[in-house]
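Following: one structure in structure tokens, then a few remarks.
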Amino acid sequence: MSSVLAEALRYLNDPLVWTRPRGLLDLTGQHLVMTLAAVGAAAALALPLGAWLGHSGRGSGLVVAISNTSRALPTLAIILLLATAGLFGNTATVIAAGIFAAPVLLAGAYDGVRGADRAARDAARGLGYSPAGVLWRVEVPLAVPLVAAGVRTAIVQVVATIPLAALAGGGGLGQVIQLGMGTQRYGQVLAGGVLVAALCLVVDGVLAVAQRMVTPRALRDA
């Protein structure tokens, strides 16, 4: 075990490992780009749908069904299904990760809008707001904490899932782990795992700050 740890430390302390073409800096960039692409595509569909379902009060069963189904269907299985259809690499991983992230975003938007303060909603209606006005000027602002929490959770989960891209010929930090397994350099495997975990922690920390910044001051301590 000590030799594996020593090998991992030597790997991480080698400047060329970081700076060479397709080195750790390049792979980390690919990792983050794939994450943003997957979560962005999922958010474009899931957030408006979740907000509308929460506003209308319909579809709670649909939200629960989608959430349960996504948990039962591993991302690796989706990647393999796409591979059997001839879709490999980063594209397949982004699609699979997007499918994985969508239910988290959908549930956050639904719960946030559905749980908006009823008195504020009724007051807006009493002032003559249209249904769309109630949604976008009252319910969505009140839903920001839960929506932001859903986005944060989805991004961190996708960062942790993207290493599966290497199994489908994709990029990202999973290549470090896959190459280490293929060459039996277990120190490199350990280094890859540590890098993915560290990236998750850094991203989560940054998003925690962003979540606090976008949350209205009156709702931060509610």
Side-chain angles (χ1 to χ4, degrees), residues 32 34-78 81 93-162 200-222:
L32 294 175
M34 284 193 288
T35 297
L36 292 177
V39 177
L45 294 174
L47 293 183
L49 177 61
W52 180 79
L53 291 174
H55 170 74
S56 64
R58 303 170 184 168
S60 60
L62 174 64
V63 174
V64 172
I66 291 175
S67 298
N68 290 339
T69 302
S70 69
R71 288 171 184 154
L73 189 61
T75 304
L76 179 58
I78 300 175
L81 287 174
T93 305
V94 167
I95 293 173
I99 294 173
F100 176 71
V104 178
L105 299 168
L106 179 69
Y110 177 86
D111 291 339
V113 172
R114 191 62 186 157
D117 184 76
R118 183 179 296 275
R121 187 184 298 145
D122 292 341
R125 287 173 179 150
L127 290 172
Y129 284 25
S130 66
V134 174
L135 173 60
W136 294 112
R137 298 178 66 180
V138 177
E139 292 173 331
V140 168
L142 291 174
V144 165
L146 283 180
V147 173
V151 172
R152 176 182 169 187
T153 300
I155 290 177
V156 174
Q157 288 182 345
V158 169
V159 169
T161 304
I162 286 295
C200 287
L201 293 175
V202 170
V203 169
D204 186 55
V206 171
L207 292 176
V209 175
Q211 180 182 352
R212 181 171 178 78
M213 291 177 65
V214 300
T215 300
R217 185 181 298 275
L219 299 177
R220 289 177 185 172
D221 301 322

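- The shortest heavy-atom contact between V94 and A38 is O-CB, 3.5 Å.
- Scored by the side chain to side chain contact (heavy atoms under 4.5 Å, CB included) test, I95 finds L82, L87, T91, I99 as partners (sequence neighbours excluded).
- Residue pairs meeting the side chain to side chain donor-acceptor pair (under 3.5 Å) criterion with at least one partner in residues 94-115, sequence neighbours excluded, do not occur; the list is empty.
- Residues V214 and V147 have side chains not in contact (no heavy-atom distance under 4.5 Å, counting atoms from C-beta outward).
- For the pair A124 and V138, the tightest heavy-atom approach, listed with the atom from each and the gap, is CB-CG2, 3.5 Å.
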Enumerate, atom names and distances included, each donor-acceptor pair closer than 3.5 Å involving a side-chain atom of residues 40-56, sequence neighbours excluded.
residue, atom, partner, partner atom, Å
H55, ND1, E139, OE1, 2.6
S56, OG, W52, O, 3.0
S56, OG, L53, O, 3.3
S56, OG, R58, N, 3.3

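- Applying the side chain to side chain contact (heavy atoms under 4.5 Å, CB included) rule to A132 yields the partners S130, W136; only residues at least two apart in sequence or on another chain are considered.
- Annotation: R137, atom CZ; neighbour count of heavy atoms from other residues, nucleotides and ligands within 6.0 Å does not exceed 12.
- With sequence neighbours excluded, no residue forms a side chain to side chain donor-acceptor pair (under 3.5 Å) with D122.
- Within the 3.5 Å criterion, the main-chain N or O of A116 finds a donor-acceptor partner in the side chain of R121.
- Taking the side chain to side chain contact (heavy atoms under 4.5 Å, CB included) definition, one finds that T35 meets it with H31, V39, I155, V158, V159, I162, sequence neighbours left out.
- In terms of heavy-atom proximity, L32 sits nearest to V203 at CD2-CG2, 4.3 Å.
- For the pair P145 and P141, the tightest heavy-atom approach, listed with the atom from each and the gap, is CD-O, 4.3 Å.
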